[in-house]
Every structure is written in structure tokens, then in C-alpha cells.
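Heads up: the structure comes next, in C-alpha cells.
Indexing begins at 1, ligand by ligand and atom by atom, following the structure's order.
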Amino acid sequence: MGYLRGFIDYSREDQQTRDPIDRIKDWGEYTIRLDEDELQRQGARCMDCGTPFCHTGISFNQSDIGCPVNNFIPEWNELVSEGDWQHAFERLKETNNFPEFTGRVCPAPCEGSCTLAINDDPVAIKTIENEIIERGFENGWEQANPPAHRTGKQVAVVGSGPAGLAAADQLNQQGHTVTVYERDDRPGGLLMYGIPNMKLEKETVDRRVKLLEEEGVTFVCNTSVGEDITRDELKADNDAVIICTGSQQHRDVPADNRDSNGIHFAMDYLTEATKSLEHDPDQAAIHARGKNVIVIGGGDTGADCVATALRQECARVVQFGKHPASPEERDDDNPWPLFPMTFKLDYGYQEAVEAYDEDPRKYEILTKAFETNENGDVTSLKTVRVEKVEEGGRLVTKELPGTEEVWEADLVFVAIGFTGPERDVLDHFGLELDDRGRIWTVDGTNDYRTSDDNVFAAGDARRGQSLVVWAIREGREVAEQVDTYLANETEQVII
Ligand SMILES: Cc1cc2nc3c(=O)[nH]c(=O)nc-3n(C[C@H](O)[C@H](O)[C@H](O)COP(=O)(O)OP(=O)(O)OC[C@H]3O[C@@H](n4cnc5c(N)ncnc54)[C@H](O)[C@@H]3O)c2cc1C
Ligand code: SF4
């Protein structure tokens, strides 16, 4: 603890954000870095509280407590407060392969569990994390570091999202030869095609992939495992296979006329928007310019659709959610140190408020039907208001009579999440699934072996739809298990 009174003398300053009206004119990241003096003050706000919860990294009651990769947060806060960025960088890299991703997009459960957050604003942990890694790149501390020797063991990783990348990084550093197969044209999974540029510029993903390549990881893109290469081929050529194919089986809206023109899954829209930035954003295959946009689904994917539609100069954007608005303060059943389920004005909503003087979110609303014109184009949505009521000890959604409404729309995005991993590749491997359709692994928590011999699984495909930071943790843990397996079950030759 560098300065004993930091948490008393300084208030929280998070990374700044660009002016909402300016930033919706481009696709650059919406945040601005803090200056050195302010960052040191923010580091000095850490109380070094003795029993910190910020780095615990456990799930409890369907909520997160602390950092899932167990970052040594109080240690690097102190180092930052003293201006010792290089040692802070070295400590950070011990637990997190890709702080440049989490430092930008993590919802920061660490901050919800910060002891200061009991009665004050938490330490700006995520902002500090991002700054440490960016300084690592700028100062050349983060550079290619290939392993000194190779074990002669081959590992195939299927899927290049954060779980696959973390597993590949760890195993490559152990000296194993790793090939990552990706069906998209660029590695990164949802970091590349999912999370929009405004939150995570794609140069940041490419920078990391290039470093991994320089360290010896091979990426094979445009290759769908199960179609372009079979399970038997992969197993014959490798000592272990890790499935990290994510959880991208869309959940759909069961409403009349769902197949009308102009209704798209959010992921198709976000992927097209990101791909269009490579050539001409005006030519995106799905474009919102001048359109009335409705996003169905109140979560983060829907929020990313709102922000994307604003940048494409939509006429208006509205987002429907089934749940009520979150409370301003924690509810009694959501105490510290759980992740706070409180009202937030995320970047896209802040932009909509500035641009249209209206928060786009409409709560407790259910889409019943789509209406179309003679060409089959969507023209409006019929909805009804709903509320949650307790029935037989369970919360159920009830429609409220007399609350029917009609909303004009020419473009609709379905963003109500995913039902689980896509089945094709799992069926191709003949993998056992759990009762929620995720890849079954031996004890469901920290054992990553699947029902297929020497095939392992990690990330959203095993855990269900989650967060980048959990995917990194799973990638690290599966790598440890595969490394042990390769040492114990197969013959090692050090080259
Ligand atoms: C729109 C959106 C925004 C999000 N925003 C955030 C955020 O801000 N913060 C956050 O923490 N989390 C966010 N998430 C969640 C986060 O992105 C995921 O939890 C995380 O990416 C999961 O990582 P993964 O490696 O398990 O899978 P994924 O990132 O889904 O990667 C899986 C990869 O496997 C590939 N693949 C699938 N099948 C095959 C096959 N047969 N052969 C070869 N390759 C295959 C896919 O193409 C994909 O590239 C967001 C999710 C979405 C959808
Ligand atoms: S990875 Fe997420 S939870 Fe962990 S320190 Fe960074 S922002 Fe916090």
C-alpha cells in the first residue's frame, strides 16, 4: 500500500469517454486513457484491505465474486501508485494472458467485490489493468517470447475465441506444438466478430494473434472442423484436441411472421458491420441507415446492436427487454461482494440519449407478432406488456391484458441470447452433452476431459454463454490439464 490515505483523499476517476455525439460518427474505441498522475492516484486508492475479495474469482448464486483469472490486483495497484509499471506488468502477466481484452471489455466483477465498494466507489481496477498492458506493448516489455525447447507433442485447438487463444498460448509456452483451427476468416472468435470495434478495435486482436504466431502458434482459418477436417484426422495428427467452439446456437423469437424480410439475428448484423469496416462501412450487407430499428433482447448483445445502428445513422432505435429495469441500488438478495445488478447507462445507451434524447430501452415487453407488407418486408411489431409473478414458488412471466401495442420497424435484430453450443461439431465428435446442451466434462467444474479419449473442452462450449475473462480462465485451466496429460499419458521427447 503506497499511500495510506489514498482512498480518503482521492475519488474514483475511471477512464474518460469521448463525446457521445462525436464518437457515433466513427468506429473507434469510445474510451480515452487517463494521464500518469491520475493513474497513480487511482492505484493509491487501493486500501490493501488484508482479505481482498477483488481477486477471488468464484461463482456464487449465479453471480461472480472477484476476478475469474485471480489477478493480483492489490499488488499491481501498489506498483502503479509508485509508478513502477514494469513490475506491475510482470505481475499482471502471471495471471492474465490477454489483459488488453479484459481491460477493455470485462464487466469487472473485481470492482463489485472491491472492499471500498461497500460504502464508496471501487478502485478503477479495469482502467488500471488496461493501462498496464498498453504500457507493456509501448515499452516493448510485451514481445514475442518463443519457448526455449519443443516437446514434440502436437495439440489441436478448435476455435480461436479467448478460450482457444489462452489454451494455445499456455501450451505453446510449455513447448508443445499448437495448431488452432478457425472456421472464420480471421482468428479471435467473438473478440473479432461479435464485440464491436467501439469496445475493442480489431487491431488489438490482430496484435495479439501476430505475437502468438511469432511465438510459434499456427492458425488455420477458413477451416470448419467436422466439414473440412474430420475428428479422425485431427486425432491421428495430434496428441490432444481441445474444443473451444463457443456457445453460438441462436435463441429465436417464437412470433408470427418471424421469417419476414428485415429480421436478423444480432450476431449476423454485428459480424457484417465489423466485416464492412475492412472495405466500406456504407456497404454492410445489413445496414440501418434511415431505418426504424427494433432490437429484441435487453442484454449486452442488444446494447452493441443499438450502438452499431447509431453509427449507421438509423432513424430511431428501440430495445425491448423482458425484465424490469435494474434498481439504482443493490437489492437485498444481491449484497456485496456479488456482482452488482444495478442500473447502468452503458456506452450505446448514453449515445442514444444524447442523439435522440431518449433511452432506447423499453422494459417488460414481449413481442407477439411481426406485421409485413405485400413484399414480405417487416413493417411493425405487435407487443404486450408482461410482469413476473410468483406461482408455486417459481417466478413466471404473465402477460398483462389491455397492454397491446404496435411499433413501427423496418429492421429488427433478435438478441435474446444463445441456447448453447452449435451441435454440428459436437455431434461429429460424438461428444456427450450435459442437461443444458453444453459439452459434458468429467466433473463439470475444473476437469476438462470430455467423453472422447484425449479430447478436452473449454470456454463457452463447456461453460455456457459467459464472459471473455471466464473463457481465458478456462483456456488456462484446460491447458494445465492437457500438459499434465501429455506428460503422464504420452511419451515425451525434448527437442
Ligand atoms: C455480441 C456479443 C458481445 C459480447 N460482449 C462481451 C463483453 O463486452 N465482455 C465480455 O466479457 N464478454 C462479452 N461477450 C461474451 C464473450 O464474447 C464470450 O463469452 C467469449 O468470447 C467466449 O469465448 P470462447 O473462446 O469460449 O468462444 P467464442 O469467442 O465464441 O469463439 C468460438 C470460436 O470457435 C469457432 N468455431 C465454432 N465451430 C467451429 C468449427 N467447427 N471449426 C472451427 N472453428 C469453429 C467460431 O467461429 C469462433 O471463432 C459478448 C458476446 C457477444 C455475442
Ligand atoms: S480481468 Fe476483469 S475481473 Fe479481472 S481484474 Fe480485469 S477487469 Fe477485473
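Salt bridge present: R208 and E142 bring a charged side-chain N and a carboxylate O closer than 4.0 Å. Ion pairing between a basic and an acidic side chain is recognised when a charged N comes within 4.0 Å of a carboxylate O; R104 and E201 show no such pairing. The pair R18-E354 fails the salt-bridge criterion, with no side-chain N (NZ, NE, NH1 or NH2) lying under 4.0 Å from an Asp/Glu carboxylate O. Between E477 and R462 there is no salt bridge, since none of the side-chain N atoms of the basic residue sits less than 4.0 Å from a carboxylate O of the acidic one. In this structure, R33 pairs ionically with E131, as a charged nitrogen and a carboxylate oxygen lie closer than 4.0 Å. Using a cut-off of 4.0 Å between Lys/Arg side-chain N and Asp/Glu carboxylate O, D346 and K344 are scored as not salt-bridged. Salt bridge status for D206 with R186: present, with a side-chain N to carboxylate O gap under 4.0 Å. Between R438 and E474 there is no salt bridge, since none of the side-chain N atoms of the basic residue sits less than 4.0 Å from a carboxylate O of the acidic one. The pair R41-E13 does not count as a salt bridge, with every side-chain nitrogen at least 4.0 angstrom from each carboxylate oxygen. Salt-bridge formation is not detected for the pair R91/E78: no Lys NZ or Arg NE/NH1/NH2 atom is positioned less than 4.0 Å from an Asp or Glu carboxylate oxygen.
Atom numbering of ligand 1 starts at 1 in the shown order; those under 4.0 Å from a heavy atom of G194 are 1 (C). For ligand 2, the atoms lying closer than 4.0 Å to a non-hydrogen atom of T102 are 1 (S). Close approach to Y181 involves these atoms of ligand 1, each under 4.0 Å from a residue heavy atom: 43 (C), 44 (N). Those atoms of ligand 1 that come under 4.0 Å of a heavy atom in G459, given as number and element, are 26 (O). The L467 neighbourhood of ligand 1 comprises atoms 10 (C), 11 (O), 12 (N), 19 (O), with distances under 4.0 Å to a heavy atom of that residue. Residue C244 approaches ligand 1 through these ligand atoms, each under 4.0 Å from one of its heavy atoms: 32 (C), 33 (C), 34 (O). Contact atoms of ligand 2 toward N71: 1 (S), 4 (Fe), 5 (S), 6 (Fe) (distance under 4.0 Å to a heavy atom of the residue). Within the listing of ligand 1, atoms 53 (C) sit less than 4.0 angstrom from a heavy atom of M267. Ligand-side atoms of ligand 1 in range of G189: 29 (O), 31 (O), 48 (C), 49 (O), range being under 4.0 angstrom from any heavy atom. Near I73, the atoms of ligand 2 lying under 4.0 angstrom from a non-hydrogen atom of the residue are 5 (S). Less than 4.0 angstrom separates some heavy atom of V469 from each of these atoms of ligand 2: 1 (S). Which parts of ligand 1 touch D184 is read off a 4.0 Å heavy-atom cut-off, strictly below it: atoms 47 (O).
At least one N/O/S atom of C110, from backbone or side chain, sits under 2.8 Å from atom 8 (Fe) of ligand 2. Among the backbone and side-chain atoms of C106, no N/O/S atom is found under 2.8 Å from atom 4 (Fe) of ligand 2.
Of the protein's non-hydrogen atoms, the one nearest atom 27 (O) of ligand 1 is G246 CA, 3.4 Å. When hydrogens are left out, the protein atom nearest atom 46 (C) of ligand 1 is E182 OE2, 3.5 Å; that is the closest non-hydrogen contact. Closest to atom 41 (N) of ligand 1 among all protein heavy atoms lies V225 O, 3.1 Å. Atom 8 (O) of ligand 1 has K199 NZ, 3.0 Å as its closest protein atom, hydrogens excluded (heavy atom only). Protein heavy atom at the shortest distance from atom 34 (O) of ligand 1 is G159 CA, 3.3 Å. Remark: minimum distance from atom 52 (C) of ligand 1 to any protein heavy atom is reached at T301 OG1, 3.8 Å. Of all protein heavy atoms, the one lying nearest to atom 13 (C) of ligand 1 is I195 CD1, 4.0 Å. In terms of protein heavy-atom proximity, atom 39 (C) of ligand 1 is nearest to T245 CG2, 3.6 Å.
Under 3.5 Å, the side chains of R23 and Q350 contain a donor-acceptor pair of N or O atoms. Between the side chains of D64 and W470, at least one donor-acceptor pair of N or O atoms lies under 3.5 Å. At a cut-off of 3.5 Å, with distance as the only test, no side-chain donor of Q170 or Q174 sits close to an acceptor on the other residue. Using modelled atom types, one finds no donor on one side chain facing an acceptor on the other under 3.5 Å when comparing S451 with E432.
When only interatomic distances are considered, the shortest N/O to N/O separation between P162 and ligand 1 falls below 3.5 Å. Checked by distance only, ligand 1 and A163 come closer than 3.5 Å through their nitrogen or oxygen atoms. Looking at Q248 next to ligand 1, an N or O pair under 3.5 Å apart turns up.
Scanning T308, T271, L190, T223 for the heavy atom closest to atom 51 (C) of ligand 1 points to L190. Compare D185, V158, D460, V105 by their heavy atoms: the one nearest to atom 26 (O) of ligand 1 is in D460. The residue from P68, C67, G66 that puts a heavy atom closest to atom 4 (Fe) of ligand 2 is C67. Here atom 45 (C) of ligand 1 lies nearest to R183 when heavy atoms of E227, R183, Q465 are compared. Nearest-heavy-atom check against atom 1 (C) of ligand 1 across V468, L270, D228, V425 picks out L270.
Judged by a 6.0 Å distance limit and a 45° cone about the ring axis, R135 is not positioned over the six-membered ring of F89. Figure legend: cation-pi geometry between R207 and F137, with NZ or CZ positioned under 6.0 Å from the six-membered ring centre and within 45° of its axis.
With hydrogens and angles ignored, the 3.5 Å screen pairs a side-chain donor or acceptor of D460 with a backbone N or O of S466. For the pair K235 (side chain) and D453 (backbone), a donor-acceptor distance under 3.5 Å is present.
Sorting the N, O or S atoms of E129 by how far they are from atom 6 (Fe) of ligand 2 puts OE1 first.
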